[in-house]
Protein chains: 2
Amino acid sequence: MVQILNSGSNPTSGLGSNRLSSERVRRKNEARRLEILHAAARVFRRRGLAAAGMREIADEADLSPGNLYHYFSGKDEILLFCQDRTLEHMLAAVKAACASKVPVAEQLRAVMSAHVHCMLDELEGATAHLEVEALPEPLRAPIIAKRDAYERAVRALVAQGMKRGEFAAGDASLVTRAMLGAVNWTARWYRPDGARSVTEIARSLSDYLVRGLAAAPSTRSARTAAVSGVRK
Amino acid sequence: MVQILNSGSNPTSGLGSNRLSSERVRRKNEARRLEILHAAARVFRRRGLAAAGMREIADEADLSPGNLYHYFSGKDEILLFCQDRTLEHMLAAVKAACASKVPVAEQLRAVMSAHVHCMLDELEGATAHLEVEALPEPLRAPIIAKRDAYERAVRALVAQGMKRGEFAAGDASLVTRAMLGAVNWTARWYRPDGARSVTEIARSLSDYLVRGLAAAPSTRSARTAAVSGVRK
DNA sequence: CTAAAATTGGAACCATGGTTCAAATTTTGA
DNA sequence: TCAAAATTTGAACCATGGTTCCAATTTTAG
């Protein structure tokens, strides 16, 4: 299901050039906006955030550069929406997982899997998710907050599993970041024409990441630090 | 040990404005260049690659903007050297690890640990390592090649462990990327004033990542795909 | 049908930031 | 000490790309 643009806790409520007009035109306007967002997402994906120009986004959306500003106040706002949508999806996923009654390991796998899908499936401009610093100060704060909420939720899952003894004890915070790093990184190397499907990747990856949490006692021998004697 | 700038298989050999002059001045020149690189690395770290301007880099290195171009042909070259140095270190680490006679798991931990140090320790501008696309086409190729060589080396280690039965069988390529994603991601969240030291982070992280490779039979139950029913 | 509102196009504006330039200063080598 | 080479500076140049403007066109509403 494609969620409506101005739903939930969207960070910016008043924007663009929308007067309260006929419901008919508002619908059309909203739809056009979504199209533009998808076009922008596509450009972000293939060009990278920085290299994606407004002119190219406009072109991709079959719009004149000037007209683009009729729908969005600027590049920042487009980016904001892309990131917000992605985070919204991820938050929904973690919420859904927590609500289920399966073991924590299973929940975590579900979350990681959803995260991967979020990053790689066509629809979204999830590449933008990786570059939070691109947003100007004022817009950044709400996105950061939302991202932190997501990370906190995942970390809570990890911690819960540790507490229950389902996972080995450890630094939940660190492990969470490791997991998120691994899944976020997929956007960097995934190519649609690759050998593995998104679903396969999601499955294998979440399997691996959760496996590392296993409660089995770590049988690490004395660490030979000498091996990595590369640094000065 | 700090390796000399123009050593090994550096991608660009003729650059800047270096005539063959007195050995004395050549030394000084080289030293100054390293200082500049470190200054640039610092700016990259705190501003992010895109936001780091030549003027700021020059200022950080106590140089005038114009003078900066006496040492480097441009921003691209600075970036190139930063990335090259980082990769050079990582390659050395993986080489050293492979040469040791410890179990593959131990080798991998050493590599991952070195990688983390490379990303987080002061000296390097490793943040730049994350944004390969920032380089213009001609300069990018050799860096990509080097990065791929590194990834290939790590993958070989993973595959070797799997073949020997030390690790569970699986997609070595995928797992490798997951591991690299996790360690690369550290540059995003690490803060020098955090609770954990770089060494601790390196240790915990590499422990976790290698643990997920364990040969223990995966006891995954039938996957309840319904849990992640967030996507359309 | 017609006037107002919404939409559209594309040229022009302008801030940012990488880069160049020519002259001033310092260092080098004899 | 002196001339040539190297270094340094800060202003100016210029390409890029986000943004603004306004006139032309289409759509809406009475």
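Residue numbers begin at 1 in each chain, while the letters A, B, ... track the order of the sequences. Only heavy atoms go into these numbers, but all of them, side chains included; no hydrogens, no water, no symmetry mates. Note that the coordinates shown come from a computational prediction; the quantities given were computed from them, not determined experimentally.
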For [Y], is there an ion pair with [X] - N to carboxylate O distance below 4.0 angstrom?
X: B/E30; Y: B/R27; result: no
X: A/E56; Y: A/R46; result: yes
X: B/E88; Y: B/K146; result: yes

Per-pair distances, 0.1 Å, donor-acceptor, side chain in residues 150-157 of chain B, under 3.5 Å, sequence neighbours excluded:
| residue | atom | partner | partner atom | Å |
| --- | --- | --- | --- | --- |
| B/Y150 | OH | B/H115 | ND1 | 2.7 |
| B/E151 | OE2 | B/R177 | NE | 3.3 |

Are B/F44 and B/I57 packed together at the side-chain level, in the sense that at least one heavy-atom pair is separated by less than 4.5 angstrom?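 Heavy-atom side-chain distance check passes, below 4.5 Å.
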With a 4.5 Å heavy-atom cut-off, do A/M112 and A/L180 have their side chains touching?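 Side chain of A/M112 against side chain of A/L180, heavy atoms only: contact under 4.5 Å found.
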What distance separates B/N184 CG from A/N184 CG, expressed to the nearest 0.5 Å?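 Reported to 0.5 Å precision, the distance equals 12.0 Å.
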List in chain and number order the residues that pass side chain to side chain donor-acceptor pair (under 3.5 Å) with A/R55, two or more places apart in sequence or in another chain; answer none if no residue qualifies.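 Checked A/R55 against side chain to side chain donor-acceptor pair (under 3.5 Å); zero matches.
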Which residues satisfy the side chain to side chain donor-acceptor pair (under 3.5 Å) test with A/D171, sequence neighbours excluded?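 A/D171: side chain to side chain donor-acceptor pair (under 3.5 Å) contacts with B/R196.
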Grab the N/O contacts between the protein and nucleotides 24-26 of chain C below 3.5 Å, and write none if there aren't any.
none

It should be established whether B/H70 places a side-chain nitrogen or oxygen under 4.0 Å from OP1 or OP2 of nucleotide D/dT7.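 Looking at the OP1 and OP2 atoms of D/dT7, one of them is under 4.0 Å from a side-chain N or O of B/H70.
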What is the distance from [atom1] of [X] to [atom2] of [N], rounded to the nearest Å?
X: A/Y71; N: C/dT7; atom1: OH; atom2: C1'; result: 6 Å
X: B/K28; N: D/dT8; atom1: NZ; atom2: C1'; result: 12 Å
X: A/R32; N: C/dA6; atom1: CZ; atom2: P; result: 18 Å

Residues in contact with DNA chain C, drawn from residues 56-64 of chain B - heavy-atom cutoff 4.0 Å: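 None, since no heavy atom is under 4.0 Å.
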Between N or O atoms, less than 3.5 Å apart, protein on one side and nucleotides 15-22 of chain D on the other: list the pairs.
| residue | atom | partner | partner atom | Å |
| --- | --- | --- | --- | --- |
| D/dG18 | OP1 | A/A52 | O | 3.4 |
| D/dG18 | OP1 | A/K75 | NZ | 3.0 |
| D/dG18 | OP2 | A/M54 | N | 2.6 |
| D/dG18 | N7 | A/R55 | NH1 | 2.7 |
| D/dG18 | N7 | A/R55 | NH2 | 3.4 |
| D/dG18 | O6 | A/R55 | NH2 | 2.6 |
| D/dT19 | OP2 | A/Y69 | OH | 2.9 |
| D/dT19 | OP2 | A/K75 | N | 2.9 |
| D/dT19 | O5' | A/Y69 | OH | 3.4 |
| D/dT19 | O4 | A/R55 | NH2 | 3.4 |

